[in-house]
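To start, the structure under review is shown below, and the notes come after it.
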There are 2 protein chains.
Amino acid sequence: MQERGGRVKNPTLRDVARLADVSVATASKALNGRNHVHPETRTRVLEAARLLSFTPNTLAQGLLAGQTGTVGLITGDLDGRFSIPILMGAEDAFGTGKMSVFLCDARGDSIREQYHLQALLGRRVDGLIVVGSTTNSRPSLGDLPVPVVYAYGPSTDPNDISLVPDNVQAGADAARHLVSRGRRHIAHITGDVDYAAAQDRTRGITSVLDDAGIELVGGEARYGTWSEEWGRTATARLLEEHPETDGILCGNDQIARGALDTLRDAGWDVPTRVAVMGFDNWEVFTSGARPHLSSVDMNLEVLGRTAARRLFEAIEGTATPGTEELPCRVVVRETT
Amino acid sequence: MQERGGRVKNPTLRDVARLADVSVATASKALNGRNHVHPETRTRVLEAARLLSFTPNTLAQGLLAGQTGTVGLITGDLDGRFSIPILMGAEDAFGTGKMSVFLCDARGDSIREQYHLQALLGRRVDGLIVVGSTTNSRPSLGDLPVPVVYAYGPSTDPNDISLVPDNVQAGADAARHLVSRGRRHIAHITGDVDYAAAQDRTRGITSVLDDAGIELVGGEARYGTWSEEWGRTATARLLEEHPETDGILCGNDQIARGALDTLRDAGWDVPTRVAVMGFDNWEVFTSGARPHLSSVDMNLEVLGRTAARRLFEAIEGTATPGTEELPCRVVVRETT
DNA sequence: TTGTACGCGTTATCAT
DNA sequence: ATGATAACGCGTACAA
């Protein structure tokens, strides 16, 4: 096993103290930069620690301090692409090495969620971030001994702290963008109607169009699935029924890709004849598209960072319950 | 704060013992199902624990046991889609709640990696999994007080434990599949030549074609980038120069999507005139394609689970150093 | 300036 | 069957 200058596997403060010929108390003070320790002694201790490649046991410190410097991150679907940016943002905000993150994937199963929760509470995490797989609201974890922040998917309990992307604003901004490009015959092809995201975006879109005295092509949004396939079939139907269409707002980037494919097959030029726009700004889809797809970014990294900050505040005790909606951002590319 | 039947925020074993009117020792035995404790006493303790919603402090347990029940997961790129399935597989294998996973994203920065490493060692993780962002080999973390398993991107040190997908076999299987479909004029369009994955797959492909007495169309693989764009341009050039082409092996699913788009524009039917195949089996790309794209799955969840198992073995002391190559799997859909 | 002693929450040993 | 006590590794009042 490792034997790098020292001798024991996991050197403790006692080992360091012994080697430096001081008491553990003095060693502790020296290593933690406290006062009342002779400079020469300090260097001796530091040298001993270096020699043994001593790493203080954070768990023991935490046991004493009552704070572990760890947070739990419970996500509903790791494979889903929404949790990852949020997770990265959170990890980012916690600072490298300062705070450590326990990751748990409940896979949408509340039993599994409970198991993970117990494990995390047993490890005395200082706080919890719960990331939803959709923006649909979810049952609260209830009264826990540590603060909780719900990200992406909000808690149903208004006394919890929740953070969600402002999908109404996202829809509104997208619609405004198309209108500002002179489009007057705008259709909306989107995903599963059971998704709050779909409904919220539709609401934002129609509200802006109402203000502009415009009606959605066909009178209403076209709900389906979040797939390219649906984008293609819905668009084909749309072109046939409403050849006057000059703008299509798609519920996500995959639907938009499907729309673009069908438009290309039909020989409709984008963006000259029809402008197309997606949601989510999934780079691998937007930049692979012909032409490059305009989209609305959910700013998920920001959401993750904000979640981390809110959690800190909650830990400090300066909590502000309620659901906070974070702004989204239109990214203009070649399809609009 | 929470007040669910009990009174204190974080009840300790002492609180439980006090409420059950026994000593902490007895309480501990009762809760842990040890012998030599009266049934009636046990129920009294259990009831007290339930009342206080007592959760044993895993940190204190670990302090005593010398095992923390935690592992560190250091990934090079969270956003990359390769780490996620591996991470899920590992999380899966560790068992829900049994073992907890610290997640760290080093973002490809070795300084950051060192910081995370220190934090993890300080938290006395029982082991470490290092996930690479590519299959290119990476420098070893060196001699650590805990076992390490390198997943996806292997360590350069053969004494380390490394796990990688068998890309040579993947290429070979893909080529075999196309040959078995009667294709004789097969081209290979792939990504950045600096990627070991690209080279390995090419090697597997050419070796099979050699055995079949076939040469790659154009005599060699066409390296570029891992993008749809490259798939389109490379395919356009290919069709012009080699109209005899009846099969295209694409280095990943995005390149394959690009190839399909170009073929469709050119009016070449897939799979009648040309068969197309990708690598990675990224579902969102394969099932969105027209027709559905055949691909080679890297079995990353299996790789993640295996990494977790190997780590367990290493923790138990039954280590087997070296680089292990895990099999990939051809997924046949409509393009072949 | 340095050292002694206690406590954090838990488990195991050894008495009782 | 139950309880007192030591130990895990560390920080900190307090005494020297």
Side-chain angles (χ1 to χ4, degrees), chain A residues 6 8-46 48-49 52-70 118-119 121-126 145-146, chain B residues 6 8-46 48-49 52-70 119 121-126 145:
Chain A
V8 288
K9 178 143 185 172
N10 256 329
T12 80
L13 192 55
R14 290 186 52 162
D15 299 319
V16 176
R18 190 147 37 206
L19 183 57
D21 198 38
V22 294
S23 71
V24 288
T26 307
S28 172
K29 290 171 200 159
L31 289 174
N32 293 321
R34 319 301 305 236
N35 295 334
H36 308 300
V37 43
H38 195 86
E40 186 188 309
T41 312
R42 186 187 303 275
T43 49
R44 218 168 60 238
V45 172
L46 257 48
L52 299 176
S53 52
F54 167 75
T55 309
N57 188 327
T58 313
L59 277 60
Q61 295 176 324
L63 189 56
L64 210 48
Q67 292 242 335
T68 57
T70 60
Q118 281 312 309
L121 293 180
R123 300 218 147 77
R124 296 296 187 269
V125 292
D126 295 332
V146 295
Chain B
V8 288
K9 178 144 185 173
N10 256 330
T12 79
L13 192 56
R14 292 186 50 162
D15 298 320
V16 176
R18 189 147 37 205
L19 184 57
D21 199 35
V22 293
S23 71
V24 287
T26 307
S28 173
K29 290 171 200 160
L31 288 174
N32 293 323
R34 318 301 305 242
N35 296 333
H36 307 301
V37 42
H38 196 87
E40 186 188 309
T41 311
R42 187 187 303 276
T43 49
R44 217 170 59 239
V45 172
L46 258 46
L52 298 176
S53 54
F54 166 75
T55 308
N57 188 326
T58 313
L59 277 60
Q61 294 177 323
L63 189 56
L64 210 46
Q67 293 242 338
T68 57
T70 61
L121 293 180
R123 303 218 144 80
R124 296 296 187 267
V125 292
D126 294 332

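Here the structure is a predicted model, which means the values were calculated and not measured. Letters A, B, ... are given to chains in the order of the sequence lines, protein chains preceding strands, and every chain is numbered from 1.
When each of A:Asn57, A:Thr68, A:Thr58 is tested with B:Leu59 by the rule side chain to side chain contact (heavy atoms under 4.5 Å, CB included), just one qualifies, namely A:Thr68.
In this structure, B:Pro39 and B:Leu63 both approach DNA chain D, and ranking their closest nucleotides by distance from the 5' end singles out B:Pro39. Of the residues near DNA chain C, A:Val22 and B:Phe54, the one whose nearest nucleotide (by heavy atom distance) lies more toward the 5' end is A:Val22.
Heavy-atom minimum distance, B:Val45 versus B:Val22: CG2-CG2, 4.0 Å. Residues A:Ser28 and A:Leu13 share a closest heavy-atom pair of CB-CD2, 3.7 Å. The two atoms that bring B:Ala20 and B:Ala48 nearest to each other are CB-CB, 4.0 Å, heavy atoms only.
A straight line from CG of A:Asp15 to C1' of D:dC10 spans 13 Å, rounded to a whole angstrom. Separating the CZ atom of B:Arg14 from the C1' atom of D:dT5 is a distance of 13 Å, rounded to the nearest angstrom. Following rounding to the nearest Å, B:Arg18 (CZ) and D:dG3 (P) show an atom-to-atom distance of 14 Å. Between the CG atom of A:Asn10 and the P atom of D:dG9 there is a distance of 8 Å, given to the nearest Å.
For A:Thr12 and D:dC8, the shortest distance from a side-chain N or O to OP1 or OP2 is not below 4.0 Å.
No side-chain heavy atom of A:Val16 sits under 4.5 Å from any side-chain heavy atom of A:Leu19. Side-chain atoms of B:Leu31 and B:Pro56, non-hydrogen and from C-beta on, never get closer than 4.5 Å to each other. Under the 4.5 Å side-chain criterion, counting only non-hydrogen atoms from C-beta, B:Lys29 is not in contact with B:Asn35.
The outermost nucleotides of DNA chain C lying under 4.0 Å from heavy atoms of chain B, listed 5' to 3', are C:dG9 to C:dA12.
Recorded end-axis angle for the helix from C:dT1-D:dA16 to C:dT16-D:dA1 stands at 50°, based on five pairs per end and rounded to 10 degrees.
Within 4.0 Å (heavy atoms only), A:His36 reaches at least one base atom of the nucleic acid.
One N or O on the side chain of B:Asp126 and one on the backbone of B:Gly69 form a donor-acceptor pair closer than 3.5 Å.
Atom-to-atom distance recorded for B:His38:NE2 and B:Thr43:OG1 is 8.0 Å, nearest 0.5 angstrom. One distance of note links OG1 of A:Thr55 with CZ of B:Arg124; it measures 6.0 Å at 0.5 Å rounding. The NE2 atom of B:His36 sits 9.5 Å away from atom CZ of B:Arg34, with the distance rounded to the nearest 0.5 Å.
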Checklist outcome for this item: A correct 5'-to-3' footprint of nucleotides 11-16 of chain D, with B, S and - meaning base, sugar-phosphate only and no protein heavy atom under 4.0 Å, is BB----
